[in-house]
Protein chains: 2
Amino acid sequence: MARLPVYLRALHVLADRGIVTVSSEELAAAAGVNSAKLRKDLSHLGSYGTRGVGYEVQYLVYQISRELGLTQDWSVAIIGLGNLGRALAGYGGFASRGFRMAAMLDADPAIVGERINGLTVEHIDKLERVITDCGISIAVLAVPAPAAQPVCDRVVACGVTSILNFAPVVLTVPDRVDVRKVDLSIELQILAFHEQRKAGGPAGVEQEYLEAVDGP
Amino acid sequence: MARLPVYLRALHVLADRGIVTVSSEELAAAAGVNSAKLRKDLSHLGSYGTRGVGYEVQYLVYQISRELGLTQDWSVAIIGLGNLGRALAGYGGFASRGFRMAAMLDADPAIVGERINGLTVEHIDKLERVITDCGISIAVLAVPAPAAQPVCDRVVACGVTSILNFAPVVLTVPDRVDVRKVDLSIELQILAFHEQRKAGGPAGVEQEYLEAVDGP
DNA sequence: TCGACTTTGTGCGTGCGTTCACAAGGGCTT
DNA sequence: AAGCCCTTGTGAACGCACGCACAAAGTCGA
């Protein structure tokens, strides 16, 4: 389930506060979901709660981490070290969750060779060798839109089966490969949509289009 | 619908290629969705297709833009100009879609006063004035986790009703406010989950936990 | 030891989104 | 002008996820 990471983060916060036990009601509130939904989610992992008491925080952290595969380390490659790639490279939330930044690749000669977060940026020509040598299992694509599909194809050819794509394109991959997409522009557009509805829905109709195309 | 921006982007690509007309089948393939779903989505906007022919690309671009509220300009404030905030400030996909970067705010004295993308970073103490003066309707939060909720509260108090949150916390807001969350760490965790399932599911059970806690 | 209280785990009804399949409708050819 | 063919728009079935509400179960106090 896609909600497990949210629960996990809430549990980490509770653990840091020294809280030992938590009820489904409390945890659900912290995670921003319905308590019945949370209990059903957790029950799919097994019966880890104690009736009348709740869930033991540390134990639940471990169980969810194991379910998510965070008890083992995953080697991640960042491809494209522009503004966004650098932000990702410096993002602390990765290393603390079992993700190891293992390689950085870029096509720009001005960027290749630079050291970011203790890693040297390699040229993308070495992609195949770097991915194989570093045992990369997850690739993060922060490249320009036109480069995304070609780079994706090369990465997949190396055996990578998980891709996090920040480029605003729909990637085509074999069935065995998982792709998750983060599109910053789309998020803003969805907000604009709701914002507009609050303001009273789309203004103008056919007339407006004709004016926009032909002039008034 | 959350898919409209995807359709819109696909249509822009088609328009750039000089394509005048597109069938639901083709557009659906370009957007990576089922053709029936696409037709149903579009029919909710009105009957903009021609049976036997398809949809006129330019006309559809306009209709979707209008539905999404992209025919008017939205003023966006970026709060937090760390690595991620800078990446967002420099992201070209915003300006080209009717979003205007109107203000930048940060708490770090080393960052305040800096010019990024033609805008001067203001101190967060001026948040209320800047948001009011610039007519901000959408706020982008790229601040550290502990700062997110307080900043969010201040922004909401200024009348902003759309927030794009990059901080890894669950924001509490009044009902009238829309919040969209982008959590980079969660995306990676979901990929790790699927990656692990491909590799044969979670390894080890109870024994592993006891070892992790108590030592072997 | 027993009873009352608390909290988990889950069966069931509901509502939404997806998809198939087809009828309605417009263009193109003859 | 008429018929064929293509594509849209949509009715209906399916499946899934959500949430209510309750029984099972375990704890705590007397």
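Hydrogens, waters and symmetry mates are skipped; everything else that's a heavy atom, side chains included, is used. Note on naming: letters A, B, ... go to the chains in the order of the sequence lines (proteins, then strands), and numbering restarts at 1 for each one. Keep in mind it's a predicted model, so treat the numbers as computed, not measured.
- Across the interface with DNA chain D, nearest-nucleotide mapping of B:Gly54 and A:Lys37 shows B:Gly54 to be the residue nearer the 5′ end.
- Less than 4.0 Å separates DNA chain C from no heavy atom of any residue of residues 4-22 of chain B.
- Looking only at atom types and distance, the side chain of A:Thr71 has no donor-acceptor partner in the side chain of A:Arg66 under 3.5 Å away.
- Near-neighbour residues of DNA chain C inside residues 42-50 of chain A, defined by a heavy atom below 4.0 Å, number-ordered: A:Ser43, A:Ser47, A:Tyr48, A:Gly49, A:Thr50.
- One distance of note links CD1 of A:Ile116 with CD1 of A:Ile78; it measures 8.5 Å at 0.5 Å rounding.
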Report all side-chain donor-acceptor pairs from residues 133-149 of chain B shorter than 3.5 Å, counting only partners two or more places apart or in another chain.
| from | atom 1 | to | atom 2 | distance (Å) |
| --- | --- | --- | --- | --- |
| B:Gln149 | OE1 | B:Thr172 | N | 3.0 |
| B:Gln149 | NE2 | B:Asp153 | OD1 | 2.8 |
| B:Gln149 | NE2 | B:Thr172 | O | 3.0 |

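- Using modelled atom types, one finds no donor on one side chain facing an acceptor on the other under 3.5 Å when comparing B:Glu128 with B:Thr132.
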Using the side-chain hydrogen bond (donor to acceptor under 3.5 Å, both in side chains) rule, take A:Thr21 and A:Glu56 through it: C-alpha gap first, then chi angles, then the decisive distance, then the call.
-> CA-CA 5 Å; A:Thr21 282; A:Glu56 192 198 335; over 6 Å; no

Please write out each protein N/O paired with an N/O of nucleotides 2-6 of chain D under 3.5 Å, distance rounded to 0.1 Å.
none

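- In this structure, CG on B:Leu171 lies 4.5 Å from SG on B:Cys152, to the nearest 0.5 angstrom.
- Rounded to the nearest 0.5 Å, atoms CG (B:Leu84) and CG (B:Leu88) are 4.5 Å apart.
- Checked by atom type and distance alone, the side chain of B:Asn83 never pairs as donor or acceptor with a backbone atom of A:Gly90 at under 3.5 Å.
- Without hydrogens or angle criteria, A:Arg176 side chain to B:Lys198 main chain gives no donor-acceptor distance under 3.5 Å.
- Atom pair B:Asp41:CG and D:dT10:P shows a separation of 13 Å (rounding to whole Å applied).
- D:dG15 atom P lies 16 Å from atom CG of B:Asn34, rounded to whole Å.
- Contact between the side-chain N/O atoms of B:Ser24 and the OP1/OP2 oxygens of D:dT8 is found at a separation under 4.0 Å.
- Between A:Arg3 and the phosphate of D:dC18, there is a side-chain N or O to OP1/OP2 separation shorter than 4.0 Å.
- A salt bridge between B:Asp73 and B:Arg100 is absent, with no side-chain N of the basic residue lying under 4.0 Å from a carboxylate O of the acidic one.
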Atom pairs and distances, side-chain donor-acceptor, residues 45-55 of chain A, under 3.5 Å, sequence neighbours left out:
| from | atom 1 | to | atom 2 | distance (Å) |
| --- | --- | --- | --- | --- |
| A:Tyr48 | OH | A:Leu45 | O | 3.1 |
| A:Tyr48 | OH | A:Gln63 | OE1 | 3.1 |

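- A 4.5 Å side-chain heavy-atom check between B:Gln189 and A:Leu70 finds at least one atom pair inside the cut-off.
- Nucleotide D:dG26 holds its C1' atom 14 Å from the OH atom of A:Tyr55, rounded to whole Å.
- A:Lys40 has its NZ atom 11 Å from the P atom of D:dG19, to the nearest Å.
- Contact between A:Val6 and A:Ala31 at its shortest, heavy atoms only, is CG1-O, 3.8 Å.
- A nucleotide of DNA chain C counts as in contact with chain B when one of its atoms lies under 4.0 Å from a heavy atom; the first and last such, 5' to 3', are C:dT18 to C:dG27.
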